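In this text the structure is predicted, and so the values were computed from the model without any measurement. Proteins come first, then strands; the chains are lettered A, B, ... in the order of their sequence lines, and each starts at number 1.
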Amino acid sequence: MAKQVSFIFRQNPKPCFRHFSTNSEPQQQQQLITKVAGEVCEIIRTRPRWENTLISLFPSFNFLDTRFFNEVLRLQNNPFLSLRLFNWLESQSGFSLDPISCKSLFTSLVECNASVVAKSIYDSFPQFNHEPDSVESLICCLCNDGFVNEAVDLFEKLKSLGHRPSIVTWNAAFAGAVRDKRTDIVWSLYGEMMDCGVVLNVETAGYLIQACCIDNNAEGGYELLRQIRKDGVVPDTVALKRLISGFSMDGKYDRVSELLHLMVETNHHLDIFTYQEIIHGLCKCGRVGEGYRVFNELKARGYAPDRVMYTIMIHGLCQLKWIEKARGLWVEMKEKGIPPNEYTYNVLIRGYCRIYEVEEALKLLKEMCDRGYRLNTVNYNTLIAGLCMNRRTKEACDLFEEMSQSGVVPDVITYNSLIRGLCKDGQLAKGQVFFEELLAQGLTPTNSSYTPFIEQLCRLGRTQQALELLTDMMNRGVEPSIYNRECIVDGLCKEGSPIDGMRWLSEMLDRKLIPRRKVFLGLIKCLVQQDKLESALIVVNSMLPVGYMLGKFLSRSLVSKFCSTNSNHVEMLLQDIISSSQVS
DNA sequence: TTAGGGTTAG
């Protein structure tokens with residue numbers, strides 16, 4: 001007897017397809033399902049709003065028959081269209097995926113890299129055992145798409161099923177975690193990988209090296225490199241470049257050089273960015289000359305530096321005050337058709353300010369504006385500091401006004417530069433106005449906001465006011481620097497209170513803060529002048545272990561004072577002077 | 001002709 005095919009979604013009880021029969025044999029049923037599925041595939045591919053028409057087109061067809069959806073999945077190349085059909089079926093009551101169609105839909109979504117949708121299918125049907133291989137593929141897709149956390153979740157599920165993921169899957173997760181700079185995930189996954197007994201390969205090592213570099217642990221990365229090189233393999237360019245960058249930042253140029261040689265030997269491509277980081281690193285740790293040599297070698301080898309590279313090099317040369325060489329590069333880049341931008345202008349303007357050639361800096365500024373560049377906060381800061389440095393505080397203040405009028409927002413550096421310039425110029429009251437404005441703007445003062453005031457107040461013998469500022473500074477959570485404390489010691493000597501100065505010195509030494517030699521000398525001199533020889537001797541004794549010498553003039557002055565007052569001390573003092581000479 | 005990377009006080 002022919003099986004009865006149930007009718008769902010039957011709105012029109014009259015079958016409209018001649019080939020459909022309710023009492024057909026299983027073989028005929030399958031043929032019918034295949035035929036309808038084929039037609040439905042075509043409809044959902046070509047008609048945008050098929051949802052409204054499907055039932056009326058196939059009024060007597062049972063769409064809920066799982067064989068139908070399976071057939072669609074088999075015939076339909078586009079899993080997204082299948083998914084839309086699935087969503088439609090699901091919106092009708094009574095439809096549910098069976099294990100076969102679920103697996104099929106999931107697999108085809110994974111194959112199309114539809115990671116998020118595949119994951120939602122996975123999560124929606126926890127009762128079906130998805131193929132571990134597909135789950136591994138899904139982990140790879142998720143990681144590629146930046147969903148590392150979701151992938152970690154799947155590792156857990158595979159683990160609970162007793163499945164051991166392959167190294168390819170682990171590596172995909174490491175790649176995703178490194179891309180997101182989530183080294184916490186890298187290290188926890190790596191721990192799990194080792195627990196599973198999966199052995200790392202060269203690709204894994206590359207990711208682990210990158211993770212070390214992200215953690216500012218280039219040495220750890222180097223150790224890993226050393227270990228895998230024992231097996232005769234070298235990680236990829238990205239890992240090596242990261243290591244080079246890490247060591248450049250740390251100023252470890254013997255390591256950088258070793259890695260560069262390794263890259264050349266092993267035919268890794270050295271791009272302009274690698275060299276850029278090296279030159280930048282060299283300049284940052286003060287080895288500008290070396291950076292300049294690398295820069296010239298690169299040009300000789302046919303590399304064409306770009307604007308950023310030129311900016312870095314001009315910046316380095318300006319720091320050394322090698323302005324002629326900097327200007328040479330400036331002309332060269334322009335001749336090569338690389339116009340300077342606000343970064344490049346800024347470094348050269350700063351360079352001219354440093355060598356006190358403000359007019360040249362202002363000429364560059366005009367050129368920059370003529371070229372249509374709008375000054376930003378950094379540009380203004382550079383100019384304001386440059387003008388202040390050249391004692392042109394009035395112009396600096398005018399520039400500050402211009403800045404506010406142009407809608408460029410000043411930052412704490414702007415205020416600090418003005419405060420510094422004004423205080424150095426003796427205009428403490430005007431500096432105070434800017435300090436108050438800094439606070440009114442809601443900016444947080446830094447050590448540099450206070451230092452110029454403390455410095456000047458101490459120089460003027462107004463140490464008590466400087467001390468009040470120091471207290472205010474600490475109340476705001478700003479830590480006084482050694483220099484601030486040195487100023488206080490100097491100021492107390494100027495005020496004729498060297499004993500108070502000694503207390504400050506003693507506190508500094510207790511905190512392992514070593515003042516400069518001239519601070520000790522100033523204090524000793526002041527104590528000697530006040531005939532406080534015992535105290536002077538104490539300061540001498542605290543100075544010697546630090547490695548400072550007393551100096552001929554002060555030694556003689558001390559000896560003669562002692563000889564004229566208390567000869568018992570002469571022997572001891574001489575002993576100290578001898579020790580002092582030995583130290584030097 | 002993927003983008004990436006570079007500037008300011010002390």
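Rounded to a whole Å, the CG atom of A:L387 is 17 Å from the P atom of B:dT8. Distance A:D411 CG to B:dG10 P: 14 Å, rounded to the nearest Å. In this structure, A:F453 places its CZ atom 19 Å from P of B:dA9, rounding to the nearest Å. Residue A:R179 contributes atom CZ, which lies 18 Å from atom P of B:dA3 at whole-angstrom precision. Rounded to a whole Å, the CE atom of A:M473 is 12 Å from the C1' atom of B:dG10. We find that CD of A:E342 is positioned 9 Å from C1' of B:dT7, with the value rounded to whole Å. The interatomic distance linking A:F295 (CZ) with B:dG6 (C1') rounds to 13 Å, in whole Å. Atom CD1 in A:I214 sits about 18 Å away from atom P in B:dG4, given to the nearest Å.
Phosphate contact (OP1/OP2 of B:dG6, side-chain N/O of A:R307, threshold under 4.0 Å): absent. Proximity of A:H280 to the phosphate of B:dG4: no side-chain N or O atom is located under 4.0 Å from OP1 or OP2.
Residue A:V308 has its side chain nearest to B:dG5 when only B:dT7, B:dG4, B:dG5 are considered. The nucleotide whose nearest atom lies closest to any side-chain atom of A:T311 is, among B:dT8, B:dA9, B:dG6, B:dG6. Counting only heavy atoms from C-beta on, A:T382 has its side chain closest to B:dT8 among B:dT8, B:dT7, B:dG5. Among the nucleotides B:dT8, B:dG4, B:dA9, the one closest to any side-chain atom of A:N381 is B:dT8. For A:S448, whose side chain is taken as the heavy atoms from C-beta onward, the closest listed nucleotide among B:dG10, B:dG4, B:dT7 is B:dG10. For A:T446, whose side chain is taken as the heavy atoms from C-beta onward, the closest listed nucleotide among B:dG6, B:dA9, B:dT7 is B:dA9. Closest to the side chain of A:H315, from the set B:dT8, B:dG5, B:dG6, is B:dT8. Each of B:dT7, B:dG5, B:dA9 was ranked by its minimum atom distance to the side chain of A:Q276; first place goes to B:dG5.
Counting non-hydrogen atoms under 4.0 angstrom, A:S417 reaches the backbone sugars and phosphates but no base. Within 4.0 Å of A:N484, counting heavy atoms only, lies no atom of the nucleic acid at all. Within 4.0 Å of A:T344, counting heavy atoms only, lies at least one base atom of the nucleic acid. Looking at heavy-atom distances under 4.0 Å, A:E277 makes no contact with the nucleic acid at all. Residue contacts for A:N447: at a heavy-atom cut-off of 4.0 Å it reaches no nucleic acid atom on any strand shown. At the heavy-atom level, A:K424 lies nowhere under 4.0 Å from the strands shown.
For A:N341 against B:dG6, a side-chain-to-base donor-acceptor contact under 3.5 Å is present.
Here A:Y548 and A:F520 bring their ring centres to under 6.0 angstrom of each other. Taking the ring centroids of A:F434 and A:F400, they lie under the 6.0 Å cut-off. Aromatic ring centres of A:Y303 and A:Y275: separated by under 6.0 Å. Proximity of the aromatic rings of A:Y345 and A:W330 is defined here by a centroid distance below 6.0 angstrom, and this criterion is met.
Taking the centre and axis of the six-membered ring of A:Y343, the NZ or CZ atom of A:R307 falls outside the cone set by 45° and 6.0 Å.
A donor atom on one side chain and an acceptor atom on the other are found under 3.5 Å apart for A:N484 and A:T451.
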